[in-house]
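First the structure, in the form of structure tokens, and then the observations on it.
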Number of protein chains: 2
Amino acid sequence: MGISTQTMNKSDIKLIAVLERTGGFASAQELHQILRREGDGIGLTTVYRALQSLVDDKIVDLLRREDGEAIYRLCGDTHHHHLVCKSCGDTVEIEGGAIEKWAKTMAEEFGFRDVGHTAEIFGICSKC
Amino acid sequence: MGISTQTMNKSDIKLIAVLERTGGFASAQELHQILRREGDGIGLTTVYRALQSLVDDKIVDLLRREDGEAIYRLCGDTHHHHLVCKSCGDTVEIEGGAIEKWAKTMAEEFGFRDVGHTAEIFGICSKC
DNA sequence: TCACAAAATGAAAATGATTATCATTTCCAA
DNA sequence: TTGGAAATGATAATCATTTTCATTTTGTGA
Ligand SMILES: [Zn+2]
Ligand SMILES: [Zn+2]
Ligand SMILES: [Zn+2]
Ligand SMILES: [Zn+2]
């Protein structure tokens, strides 16, 4: 099913589980703390390794906090963007139809090829 | 003229000058090396301080390399986005009319307030 | 010009995330 | 069962960035 269920090991699955439970974005350090708190003795190194492999397999999203720290989130397999609450971290996956068109148009206009893009919206959610 | 020409000191001006000369994005470490190579004995701490104040004053843009390292670029004072060449680093500032609208629409739809956004396009430029 | 406080500077140490090492343990197929 | 490959995690190493703090520069009023 998954892109590489073959290469998925116990740690990968643990990380997927904790990401499912927590929902939003979390850093490697935070995920490690959560697992530790729950009694899992997993090492920080392994957390980093698992996250890296999940990112490689496109099973989790990696983006950056404002201070540059990497944060991870389980994500669907279709291309999408995020609406993130700056206060509580709640995240909504949204479509970016307008963005896709914009990126393509701009790339063409300036003669760029092989283009990708990033687009995130952040603000304060209704609960906060 | 500028937002805070009053608070602009010698180091700020040096950094602006080197950013003008180099054109694209560069990290604090790179800018420091360039200045050193040119015979300027400026300290790394001062480079960081100057960049920080220039970012605060909206005189330079701060964004992140894929590995999270902060990179800086002199920029106009109007809100804009970037089209960056993954190969040579060349950057074009572009308007994001479509993005602005998209961000606003999505934020409203999900009840977010006080929203901002980021959007970058990256690819290979025509020269590369 | 002189004195002196505020601002600027930079060397060195501290911090904090991420990565590299490497010895040990767990898996698994032959 | 067994030998080697994969996985694990403690520890050390990296590396960008921030803090500290002592020194230097700058500006201003006497
Ligand atoms: Zn919220
Ligand atoms: Zn998109
Ligand atoms: Zn290029
Ligand atoms: Zn915009």
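Below, chain A is the first sequence line, B the second, and so on; all start at residue 1. No hydrogens, no waters, no symmetry mates; every other heavy atom, side chains included, goes into these values.
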S11(B) near the nucleic acid: base, sugar-phosphate alone, or nothing, with a heavy-atom cut-off under 4.0 Å?
sugar-phosphate
For G68(A), which contact category applies under a 4.0 Å heavy-atom criterion: base, sugar-phosphate, or nothing?
nothing
May I ask you to verify if any side-chain N or O of [X] is less than 4.0 angstrom from the OP1 or OP2 atom of [N]?
X	N	result
Y48(B)	dT17(D)	yes
T46(B)	dG10(C)	yes
K10(B)	dT9(C)	no
N9(A)	dT8(D)	yes
T45(B)	dT17(D)	no

Is the centre of the Y48(A) ring less than 6.0 Å from the centre of the H32(A) ring?
no
Centres of the H117(B) and H81(A) rings: under 6.0 Å?
no
Can you tell which of dA10(D), dT18(C), dT17(D) lies closest to the side chain of R36(A)?
dA10(D)
The nucleotide from dT18(C), dT21(C), dT9(C) with an atom nearest the side chain of R49(B) is dT9(C)
Verdict with supporting geometry, R36(A) and E30(A), salt bridge (Lys or Arg N to Asp or Glu O under 4.0 Å):
CA-CA 10 Å; R36(A) 280 294 177 89; E30(A) 288 164 353; over 6 Å; no
What's the CD-C1' distance between E66(A) and dA16(D), to the nearest Å?
18 Å
D40(A) CG - dG9(D) C1' separation (whole Å)
12 Å
Under the 3.5 angstrom rule, does the side chain of T22(B) hit a backbone N or O of V18(B) as a donor-acceptor pair?
yes
